[in-house]
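When a ligand or atom number is given, it counts from 1 through the structure's own listing order. For the single chain, residues carry numbers from 1 onward in sequence order.
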Amino acid sequence: MFDFPIFDMPLVGHRLMFAFDAIVHVFVSHAAVGGSIVLALAQWMAIRNNDRKFDELTYKVLFALFILATAVGALTGIGIWIHVNIINPAAIGALLRVFFWKWFIEWIVFNIEMILLLMLFLSWKNRPLGTPAKAGHFRLVVGYAVASWLTMAIITAILGFMMTPGTWLASDFPAKPDYIASLFNPSWMPSLGFRTFFAIVWAAAGAMILTWFYTRDDLETRERAIRFFGKCLYISVVPMIVFGYWYYLQFPEAAKSLFAIGALGNKLAAVPGLAQKVAIGLAVLFALSSAYLFFNPRRAPMLAAIVLLVASGTLIGQMERVREFVRKPYIIYDYMYANGVRVQDMPLLKKEGYLKNAVFLEDEYRTITPQNKVKVGEKLYYFQCRYCHTINGVNAIQDRVKGWDEQAIYHRIGQLNSPATPFMPPFAGTDEERAALAAYLATLNGK
Ligand code: HEC
C-alpha cells in the first residue's frame, strides 16, 4: 500500500487549504497563458497600425501580467507542489511515475517562458515602435506565447489523465505502464482546446478591465483598445463553447451526475434547477458587462468593469471547483480513491485489514483489543477520512454523525459509497476495523 506519515489540517481541512492556493493559481495561470496570446495579438496590431498609444497601453498590460505571472503565478504553482505532497503523496507519487519526463519538460519550458517574459519586459522600452528592433521584439512576444501555451498543454494532459485515464488503466502499471495512452487520454485534446480559448476570454476580459482603468483621460485609446480586446474575447467564446461541450462529453457518467453538488454543495444542489440558474445568471452578467464595455467604451462606468471581473472570476473559480469535485470518490479515476487507497487494493484491505498493511502505524495498533479500540478507530479516521473531513471544522465529522449511536455509525460506514453520497470512497478494512472506527466516531458525539 502507498501510505505516508499523516498530515492533518485542523479546522480548515485539506480540501479548503488546497483550494485557497489552487484557485488563485488557476486565475493567474490562465490569465498568464491567455494574456501571452492576447499580448502577441495586441503587439501585432500596434505594429501594423504604427499605433504608439496602443503600444504604450499594451506595455502597461504586460506589466500587470508580469507581476501576476512571476510573483503570484510562480509562487502559487510551487504552493501546489507543496500542498499535494503533504495532502496526497500517494496520488502525486502515482502521477510522477507516469508523467515524470513530461513534467520535467514542462519545468524547462516554464523556465524558458519566464526568461522570455523577463527579456520582453526589460527590453521593451529600448525597442520603440517604428524601429527595426521592434520586429525582433515581436518574435520574442510570439516565443513567449508559444512557451506559455506549451506549459498549459502538458499540465492539461496530467489533469485530463486524472479524470479520464482511458486505456492506460488496461496497461500493467507500475510494471509496464502505457505512457502514450496516459498522455493521449480522452479528455486531453478537448480540455486543452477549451482551456486555450477560455484563457484568451479571461485574459481579454482582464485587458478590457485594465484598459478601462489605464485610459481614464484618453477615451480615444480606450475605445480602440477595448474594441480590440473585446473582439479577441468574442471570437474565442464560440470555440470555447464547442471545445467545452466536447470536453464535457468525455466525463464519466457518474461524474456528470455530480455537477450540481460540485457547484453548490449537497444541500443547495437538492433545489431543482438552481445550479443551472446560477450558471446562466453568471453568464448573463458576463455577457451584459462585456457588451456594455465593448459597445460603449467611452461611457461605460467602473461598475461594468467590476461586474465583468466578478462574473468571469466566479465562473472560472466555480468551473475548477466542479471539475475537482466531480472526480470524487477518486483522485485518479477508477485507479485511486481520494484518500490514496488504490482501487485494486480494496479487496485485499477488506480481507486482511488496513492496519495490517499500513506502513506508518505503531505496532501496538495493528491488532484491535477492547483497550485500544477507540484509539485504533481514530487512526483509521486519520488514514481514510481526513482527506475530506475535519473533526470539528469544515465538513466536520462530528456534525456528520451527530445524534447517531455507534450501531448507526457502523451501519453508515458500511455504505459510504452509496447513492446518497456517491462522492465518498468505500471504507477500506475489515468488519472489526469498521467497528473500531464507529466506536471512535461515537465518542465525538458525547462531547
Ligand atoms: C472524497 C471525500 C470524502 C472522504 C474520503 C470521506 N468523506 Fe464523508 N463525506 C464527504 C462529503 C462531501 C460529505 C457530505 C457533506 C454534506 O452533506 O455537506 C460526507 C458526508 C459524510 C457523512 C454524513 C452522511 C449522511 O448520511 O449525512 C458521514 C457519516 C461521513 N461522511 C463519514 C465518513 C467517514 C467515516 C469517512 C472515512 C472512512 C469519510 N466520510 C470519508 C466526503 C468524504
Note down each nitrogen or oxygen pair, ligand 1 side and protein side, whose separation is under 3.5 Å; give only atom names and the distance to 0.1 Å.
unit_1, atom_1, unit_2, atom_2, d
ligand 1, 7 (N), His389, NE2, 2.8
ligand 1, 9 (N), His389, NE2, 2.8
ligand 1, 17 (O), Asn266, ND2, 3.1
ligand 1, 26 (O), Arg412, NE, 3.0
ligand 1, 26 (O), Arg412, NH2, 3.0
ligand 1, 31 (N), His389, NE2, 2.9
ligand 1, 40 (N), His389, NE2, 2.8

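- Under the side chain to side chain contact (heavy atoms under 4.5 Å, CB included) criterion, Val12 pairs with Met9, Leu16, Met17, Phe20, not counting sequence neighbours.
- Ala42 and Phe229 get closest at one heavy-atom pair: CB-CE2, 4.1 Å.
- Around atom CH2 of Trp81, more than 12 heavy atoms belonging to other residues, nucleotides or ligands sit under 6.0 Å away.
- The salt bridge (charged side-chain N to carboxylate O under 4.0 Å, His left out) check on Lys351 picks up nothing, with sequence neighbours excluded.
- With respect to Arg195 and Glu320, a salt bridge is recorded, a charged nitrogen being found less than 4.0 Å from a carboxylate O.
- Annotation: salt bridge (charged side-chain N to carboxylate O under 4.0 Å, His left out) contacts of Asp431 (sequence neighbours excluded): Arg434.
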